[in-house]
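What follows is a single structure, written as structure tokens, with notes after it.
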There are 2 protein chains.
Amino acid sequence: MPISIRDVARQLNLSITTVSRALDGYDDVAEETRQRVIAAARELGYAPSHTARQLRRQRADAIGYILPTSGPRFSDPFFSEFIAGLGDEATSRDLDILVSTAPPDSAAERQLYERWVRSRRVDGIVLSRMRAYDWRVKYLLKSHFPVVALGHTLLAEDAPQIEINARAGFAHLVQHLVERGHRRIAYIGASSDLTLQVDRLAGYRDGLATAQIPFDASWIEQGDLTRPSGYQAALRLLNLSEPPTAIIGVNDLTALGAMHAAHEHGLVVGRDIAVAGYDGIEDSEHAQPPLTTINSSVYSLARRLVKMVCAIVANEPLAEPRTLIEPELIVRGSTGG
Amino acid sequence: MPISIRDVARQLNLSITTVSRALDGYDDVAEETRQRVIAAARELGYAPSHTARQLRRQRADAIGYILPTSGPRFSDPFFSEFIAGLGDEATSRDLDILVSTAPPDSAAERQLYERWVRSRRVDGIVLSRMRAYDWRVKYLLKSHFPVVALGHTLLAEDAPQIEINARAGFAHLVQHLVERGHRRIAYIGASSDLTLQVDRLAGYRDGLATAQIPFDASWIEQGDLTRPSGYQAALRLLNLSEPPTAIIGVNDLTALGAMHAAHEHGLVVGRDIAVAGYDGIEDSEHAQPPLTTINSSVYSLARRLVKMVCAIVANEPLAEPRTLIEPELIVRGSTGG
DNA sequence: TGGTTTTTCCAAAACGTTTTGGTTAGTTAG
DNA sequence: CTAACTAACCAAAACGTTTTGGAAAAACCA
């Protein structure tokens with residue numbers, strides 16, 4: 001059914017070698033022959049079998065990304081932006097993104113990564129949602145498998161990465177709130193397994209220290225990076241005998257959930273209470289009022305990661321195996337801006 | 001570097017045939033031999049090359065989905081839910097989802113589909129955002145390529161599909177608004193190239209006719225399924241000399257944008273104006289007030305589509321080549337519920 | 001004219017599996 | 001004892017390309 005190179009060769013009474021070399025631009029095929037081959041291939045609708053090329057060239061022409069899903073209500077816009085960036089960069093290089101899904105830190109996740117690596121299903125892997133002692137990094141580095149990460153781990157050996165300086169960003173965010181007169185500043189975090197939590201909490205504490213505000217553990221809550229968990233955590237904070245006058249969410253979704261809780265508590269966000277987040281997802285602009293956040297351009301980060309992993313696959317030296325990007329604070333109505 | 005079946009065979013002094021048949025469960029290998037093979041494979045960390053298996057078995061073990069992207073601000077939660085559903089169902093079947101990105105109805109999109117089909121890159125393709133005269137359906141059917149679609153086209157021959165009865169859903173939604181006392185009900189749609197627009201507009205008009213409200217073209221606006229376009233369209237509607245008292249968005253993002261415009265216009269959504277959407281994305285619950293919408297469980301639809309395309313790939317008869325699902329109206333605060 | 005170089009084609013091997021079609025030794029039944 | 005059957009292994013072919021290493025004819029130069 002599908003046209004193979006043998007069909008083209010037969011029609012032209014040439015060898016399959018000549019057809020292959022003609023289509024691939026080898027200079028030992030006469031130009032006239034090349035044009036005949038190109039015309040016949042087009043006429044017959046021939047395209048090389050991707051699988052056969054993969055096998056011969058030892059290339060999958062795909063970059064892998066495992067989406068950390070947790071069931072049906074998986075609607076974090078971070079990931080649709082991230083995948084769009086991965087996809088657009090891959091497409092521009094005639095690569096595809098191979099996507100699979102697994103709950104983070106599960107046996108299923110492990111099996112997937114191992115399956116991909118062992119069977120050479122993809123040429124490289126992009127990681128996100130880094131854990132402090134991330135087995136994925138250990139495994140992939142040990143396997144000498146091309147990998148890049150958004151964010152860092154606390155491991156002695158780490159994957160090549162792009163990192164946003166969240167610690168500085170958070171300190172800056174606290175400073176912004178202090179300048180707005182806030183002294184009771186709460187923080188809703190995530191699991192301390194995730195290095196993003198480690199960094200952002202550290203930044204928060206840096207900011208407090210700089211402003212000489214004593215750290216108070218009752219201002220700390222934990223969510224799971226989702227809007228509902230941010231909502232629940234904020235309800236608890238708002239029910240304190242001395243509630244905070246400002247809440248920082250570990251990410252935008254958490255902060256959006258906290259805004260919801262504040263609204264339900266009869267507070268006017270931006271006047272009675274300040275709320276801020278992190279990531280700069282599109283939803284943060286559309287909140288009411290718009291959410292103050294720290295912008296990390298997810299789409300372009302994703303594109304850079306693909307570029308980076310492709311360089312590794314091609315055995316090119318990385319200009320910068322670790323890139324640290326200074327984030328940008330975007331002040332909007334949710335902190336009275 | 002990677003372990004091949006030859007390494008396993010050499011270690012056991014067996015043929016590669018025996019190793020292959022032992023691992024694949026053939027009954028012409030002695031049980032004792034099989035156990036030795038399994039142990040050696042595990043010890044050596046052998047996994048079959050996916051590529052070589054693909055070539056021999058003529059299977060890609062992947063389902064393709066091309067994400068209709070339009071640049072960096074691509075953050076429609078519909079797609080992260082959809083991909084999560086695709087991925088989870090595929091994973092449960094030891095398949096992967098191959099994702100690529102292209103602007104809808106572009107040359108790039110066409111090239112991608114053709115590349116995938118011709119090179120047998122994927123075993124089947126899932127389509128969404130159906131166009132009325134969708135070239136993709138024509139091309140894939142003509143190529144006898146396994147394909148399933150979320151939604152229908154207006155073509156004489158259509159792909160196997162799952163369809164939500166949006167027409168009836170919209171009529172019902174209009175009825176709901178009429179019961180709430182609304183007679184000036186506007187509709188913000190999308191491009192009429194998309195069959196979702198054709199169906200939802202028809203349902204809107206059905207609802208007006210049933211309520212004996214004359215259709216008024218000045219209540220019709222067009223967006224592009226994004227929040228910002230919904231916002232702009234709603235501003236225009238609200239600036240009419242006789243503005244509508246209710247606005248229906250073609251999808252939830254459009255409606256959320258319209259809510260934003262209403263807020264800016266000083267209107268209280270759910271009291272001064274009603275707004276409703278379609279899709280039931282998670283964001284619709286979290287709007288303030290929560291958005292009345294028509295629920296279509298994106299995640300489970302995606303899972304069903306994967307199941308369906310796998311049946312086609314396996315040459316199994318489809319229980320239902322066309323499934324029509326009746327949607328559920330979810331009344332929330334945005335329509336005064 | 002003969003030797004050397006260049007052009008342009010081609011057979012075979014390679015990639016790593018799975019499947020086909022045997023072969024051989026051991027066992028069983030008449 | 002002999003013929004038929006079964007168990008359990010194996011070489012070769014297959015999948016569809018790309019690459020290696022020639023071979024042969026034409027062109028060039030002394």
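Each chain gets a letter, A, B and so on, in the order its sequence line appears, and its residues count up from 1. The analysis underlying the following values was restricted to heavy atoms, covering all of them including side chains, and did not include hydrogens, waters or symmetry mates. Since we're looking at a predicted model, the values are computed, not measured.
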Check side chain to side chain donor-acceptor pair (under 3.5 Å) between [X] and all other residues, then give those that pass, not counting sequence neighbours.
X        : value
B:Thr51  : A:Gln54
B:Arg118 : none
B:Asp28  : B:Arg21
A:Arg6   : none

- Message: Apply side-chain contact (heavy atoms from CB on, under 4.5 Å) to residues B:Ile325 and B:Leu301 and explain how you reach the verdict.
- Response: CA-CA 10 Å; B:Ile325 296 180; B:Leu301 286 177; 3.8 Å; yes
Will you find, in the side chains of B:Thr17 and B:Ser20, an N or O donor that is under 3.5 Å from an N or O acceptor?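 Judged by distance alone, the side chains do not pair up.
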Distance only, no hydrogens: is a donor on one side chain within 3.5 Å (strictly under) of an acceptor on the other, for A:Ser49 and B:Ser119?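 On atom types as modelled, these side chains do not qualify, holding no pair under 3.5 Å.
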- Message: Judged by each residue's nearest nucleotide on DNA chain C, which is more toward the 5′ side, B:Pro48 or B:Asp28?
- Response: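 Its nucleotide being nearer the 5' end, the pick is B:Pro48.
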How do B:Ser49 and A:Arg56 order along DNA chain C: which one's closest nucleotide is nearer the 5' end?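 Result of the comparison: A:Arg56.
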Would you mind telling me which residue lines up with the more 5' stretch of DNA chain D, B:Asn13 or B:Arg120, judged by nearest nucleotide?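 Residue closer to the 5' terminus by nearest nucleotide: B:Asn13.
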Q: Go through DNA chain C in 5' to 3' direction and return only the first and the last nucleotide with some atom under 4.0 Å of chain B's heavy atoms.
A: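 Going 5' to 3' along DNA chain C, contacts run C:dG16 to C:dT20.
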Please work out if A:Gln54 contacts a base, only the sugar-phosphate, or nothing of the nucleic acid, heavy-atom cut-off 4.0 Å.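 Here A:Gln54 touches no strand at all.
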Item to complete: Apply the test side-chain contact (heavy atoms from CB on, under 4.5 Å) to residues A:Leu67 and A:Ile83: give CA-CA distance (whole Å), side-chain angles for both, the deciding distance (0.1 Å), then the verdict.
Response: CA-CA 9 Å; A:Leu67 203 52; A:Ile83 290 175; 3.7 Å; yes
Contacting residues from residues 15-25 of chain A, given that a heavy atom lies under 4.0 angstrom of DNA chain D: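 Heavy-atom contacts with DNA chain D come from A:Ile16, A:Thr17, A:Ser20, A:Arg21, A:Asp24.
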Note to self: Under 4.0 Å, heavy atom to any atom of DNA chain D: which of residues 31-46 of chain A qualify?
What the structure shows: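 When residues 31-46 of chain A is checked for heavy atoms under 4.0 Å from DNA chain D, the hits, listed by number, are A:Tyr46.
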Q) Just how large is the angle between the end axes of the helix from C:dT1-D:dA30 to C:dG30-D:dC1, five pairs per end, to 10 degrees? A)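 Computed from the C1' atoms at both ends, the axes differ by 60°.
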*Those residues that, when tested against A:Tyr46, pass ring-ring contact (aromatic ring centres under 6.0 Å, His included) (two or more places apart)*: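 ring-ring contact (aromatic ring centres under 6.0 Å, His included) check on A:Tyr46 returns nothing, list empty.
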- Message: Using the ring-ring contact (aromatic ring centres under 6.0 Å, His included) criterion, which residues pair with B:Phe78? Sequence neighbours excluded.
- Response: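 For B:Phe78, the residues satisfying ring-ring contact (aromatic ring centres under 6.0 Å, His included) (neighbours in sequence not counted) are B:Phe82.
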*Quick one: side chain to side chain contact (heavy atoms under 4.5 Å, CB included) partners of A:Ala132, sequence neighbours excluded?*
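Side chain to side chain contact (heavy atoms under 4.5 Å, CB included) list for A:Ala132, sorted by chain: A:Leu154, A:Thr195.
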* Run the salt-bridge test on A:Glu32 and A:Arg36 with the 4.0 Å N-O cut-off and return the result as yes or no. =>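 Judged by the 4.0 Å cut-off on N to carboxylate O distance, A:Glu32 and A:Arg36 do not form a salt bridge.
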When the side chains of residues 123-131 of chain A are checked against the rest of the protein, which donor-acceptor pairs come out under 3.5 Å, sequence neighbours left out?
residue  : atom : partner  : partner atom : Å
A:Asp123 : OD1  : A:Ala60  : N            : 2.7
A:Asp123 : OD2  : A:Ala60  : N            : 3.4
A:Asp123 : OD2  : A:Asp61  : N            : 2.6
A:Asp123 : OD2  : A:Ala62  : N            : 3.4
A:Ser128 : OG   : A:Tyr65  : OH           : 2.8
A:Arg129 : NH2  : A:Asp76  : OD2          : 3.4
A:Arg131 : NH1  : A:Glu109 : OE2          : 3.4
A:Arg131 : NH2  : A:Glu109 : OE1          : 2.7
A:Arg131 : NH2  : A:Glu109 : OE2          : 3.3

